[in-house]
Each structure stands twice: as structure tokens, then as C-alpha cells.
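So the structure is just underneath, and the comments pick up after that.
Remember, it's 1-based here, ligands and their atoms both numbered in the order they're listed.
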Amino acid sequence: MPADHKFVHYQPERKPEEETLRIIKSDYEVADARRTVRHFSSDPVPREVIETAIRIAGTAPSGAHRQPWHFVAISNPVIKEQIREAAEKEEREFYSRRATPEWLEALAPLGTDFVKEHIITAPWLIVVFRRDYDVLEDGTRQKNYYMTESVGIAVGFLIQTLHRAGLATLTHTPAPMNFLRDICQRPAHEKPFVLMPVGYPHPECLVPDLARKPLNEISDFFL
Ligand code: IYR
């Protein structure tokens with residue numbers, strides 16, 4: 001290692017095997033109970049919950065540790081309404097023109113349509129941006145690496161941690177999403193990655209009756 005790069009010791013506590021097994025199995029149960037939600041309660045969620053969830057998302061690994069993400073959290077009803085209007089405009093186009101019949105067929109079991117009421121009902125929206133490069137203090141551009149993978153991992157952390165805290169999320173990607181950059185006042189080198197309503201599920205929330213693929217369908221082991 002070059003001498004001018006600093007390293008520090010890292011040795012997380014090693015748990016007994018039975019405990020590891022117990023933890024991982026209980027984590028699986030928690031994770032498997034998560035459902036993507038489209039019907040939110042408007043009950044408030046403290047800002048500190050959202051801030052901490054964003055901190056957790058920001059612990060994700062990233063290409064060359066460039067942390068190529070930015071999170072915009074919105075509870076302001078005027079801004080939420082602007083986002084809803086812009087998203088519904090794109091989604092109306094999508095459902096009536098842009099989506100192929102095959103795509104619409106794939107979405108049918110989810111019961112989605114262009115109406116995006118959840119954008120205003122959920123107490124928070126987190127808009128995640130992918131930063132293609134950073135602008136250094138002297139104005140030069142510094143390229144980022146594996147931005148999509150890195151931001152995808154960070155969003156995974158975000159979804160999982162909010163679920164563990166008892167909150168629901170919707171992974172919403174209206175396409176195209178460039179309107180989010182303007183509304184959130186982000187620079188041109190940031191690309192909207194996901195629009196995520198966050199809140200408690202509505203008391204009468206329904207989710208599609210879906211099954212997850214079993215382990216043997218999603219994995220192979222070579223021993
Ligand atoms: N963005 C649209 C359509 C949509 C696409 C996929 I792929 C989904 O898994 C769900 C919805 C919408 O949000 O309605």
C-alpha cells in the first residue's frame with residue numbers, strides 16, 4: 001500500500017456460530033415481512049427518523065468510495081403537490097402510450113395506474129439522486145465510478161432500515177424523472193434515481209398477494 005494512504009484496524013466482534021445463525025434467520029423473517037406499499041397513512045413521521053435512515057443509506061459501499069448519492073427529503077405539501085402533478089403527467093403518458101402491451105400485462109397483478117395519490121398522502125418523500133461526477137473546489141470535475149450500483153445498494157439499505165423501523169416505502173420510478181431535478185433544485189450532474197414515499201401503511205392498506213421465489217430458484221451453491 002502506498003505510504004501516503006492511511007489505513008486503520010478493523011475487527012468487528014466475532015459472534016458464536018449459533019448466534020450468527022439465530023440473527024440471520026430472524027433477519028430473514030423481518031425482511032420477508034416487508035411489502036412495497038402504495039396506500040399510505042398521512043400520520044407524521046419525525047424528521048429524525050428520516051435523517052437517521054439517510055445516514056444509514058450513506059453507509060453503503062460505493063465505487064472508489066465516492067459516495068455518488070444525494071438525498072432530498074420532502075414533507076412540504078406544496079412541493080409534494082408539484083411532484084405529484086409532474087409524476088402523474090409522465091405516468092399518464094406511460095400507461096396510455098409508452099408502455100408496451102407486454103409491460104402493462106406484467107404490471108396488471110400490481111394494480112398500478114397513473115394516479116399517484118401516495119405522493120401527497122405519505123408524510124415524506126425521499127428523492128435519491130445519482131451523482132455522475134463531483135465538482136471540486138477549484139471547479140474541476142472528478143469522475144465517479146459504478147454510480148448505479150452504488151446508489152442501488154444505498155437505496156437497498158434505505159428500504160430495509162425503514163422497514164425495520166416499522167415504516168413502509170414505495171420504490172417509485174416515474175420515467176422520465178428529470179422534473180425531480182428541477183423541483184428539488186439539484187445540479188445538472190445529478191440524475192434522479194428513485195422517488196420514494198415513506199410513511200406508515202394506511203390502516204386499510206392492501207398489497208398484491210405475491211410470492212417470493214424460493215432459495216433454490218434464486219441460487220446455486222458449489223461446495
Ligand atoms: N412507473 C410506473 C409503472 C411501473 C413500472 C414498474 I417495472 C413497476 O414495478 C411498477 C410500476 C408506475 O409507478 O406506475
Side-chain angles (χ1 to χ4, degrees), residues 31-42 45 50 53 57 60 69-77 79-130 147-163 167-184 186 190-202 204-214 217-218:
D32 196 36
R34 186 195 58 78
R35 296 302 309 264
T36 289
V37 153
R38 292 185 171 79
H39 305 113
F40 288 86
S41 145
S42 57
V45 169
I50 303 301
W69 41 63
H70 190 85
F71 303 86
V72 176
I74 300 154
S75 66
N76 179 305
I79 302 177
K80 285 203 286 190
E81 185 54 48
Q82 284 174 8
I83 292 179
R84 179 201 177 161
E85 273 172 33
E88 286 188 345
K89 195 163 154 238
E90 298 298 352
E91 296 289 23
R92 195 190 290 267
E93 261 310 287
F94 172 81
Y95 282 95
S96 61
R97 266 182 283 275
R98 284 200 292 260
T100 58
E102 191 188 17
W103 196 342
L104 291 176
E105 207 179 300
L107 292 179
L110 305 181
T112 57
D113 60 22
F114 78 88
V115 180
K116 301 302 177 191
E117 177 98 30
H118 46 253
I119 294 178
I120 52 165
T121 320
W124 289 97
L125 296 176
I126 303 179
V127 187
V128 185
F129 290 86
R130 188 191 87 186
M147 294 82 75
T148 306
E149 292 83 349
S150 306
V151 181
I153 296 166
V155 170
F157 279 27
L158 190 60
I159 293 169
Q160 195 59 229
T161 198
L162 287 165
H163 165 63
L167 291 158
T169 57
L170 170 62
T171 316
H172 185 30
T173 52
M177 294 196 270
N178 285 336
F179 64 87
L180 289 170
R181 184 162 50 202
D182 300 333
I183 296 175
C184 298
R186 298 306 304 164
E190 287 188 8
K191 203 166 177 302
F193 188 81
V194 72
L195 163 58
M196 186 169 289
V198 180
Y200 294 100
H202 188 277
E204 281 158 39
C205 173
L206 294 176
V207 294
D209 188 12
L210 306 176
R212 294 195 163 101
K213 290 181 183 177
E217 274 184 40
I218 62 166

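Test V72, I83, L170 against L125 for side-chain contact (heavy atoms from CB on, under 4.5 Å) and you get one pass: I83. Between I74 and the options I126, L195, I183, I79, a side-chain contact (heavy atoms from CB on, under 4.5 Å) holds for only I79.
Taking the six-membered ring where the residue is Trp, H118 and H172 present perpendicular rings, their angle passing 60° and hence far from 30°.
For W103, the closest heavy-atom approach to ligand 1 falls below 4.0 Å.
Within ligand 1, counting atoms from 1 as listed, the ones closer than 4.0 Å to a heavy atom of K116 are 12 (C), 13 (O), 14 (O). Below 4.0 Å from some heavy atom of L110 lie the following atoms of ligand 1, by number and element: 9 (O). Distances below 4.0 Å separate heavy atoms of T173 from the following atoms of ligand 1: 1 (N). Close approach of ligand 1 to L107 is summarised as follows: ligand atoms under 4.0 Å from at least one heavy atom of the residue are 3 (C), 4 (C), 5 (C), 6 (C), 8 (C), 9 (O), 10 (C), 11 (C).
Taking the six-membered ring where the residue is Trp, the centroids of W103 and F94 are separated by under 6.0 Å.
Inter-residue side-chain proximity for P208 and R35 is flagged as met; some heavy-atom pair is nearer than 4.5 Å.
For atom 1 (N) of ligand 1, the nearest protein heavy atom (residue, atom name, distance) is E91 OE2, 3.1 Å.
Contacts with ligand 1 closer than 4.0 Å are made by no heavy atom of F114, backbone or side chain.
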Pair V128-L158, side chain to side chain contact (heavy atoms under 4.5 Å, CB included): steps then yes or no: CA-CA 10 Å; V128 185; L158 190 60; 4.3 Å; yes
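Between T112 and ligand 1, a contact under 3.5 Å exists for no N or O pair.
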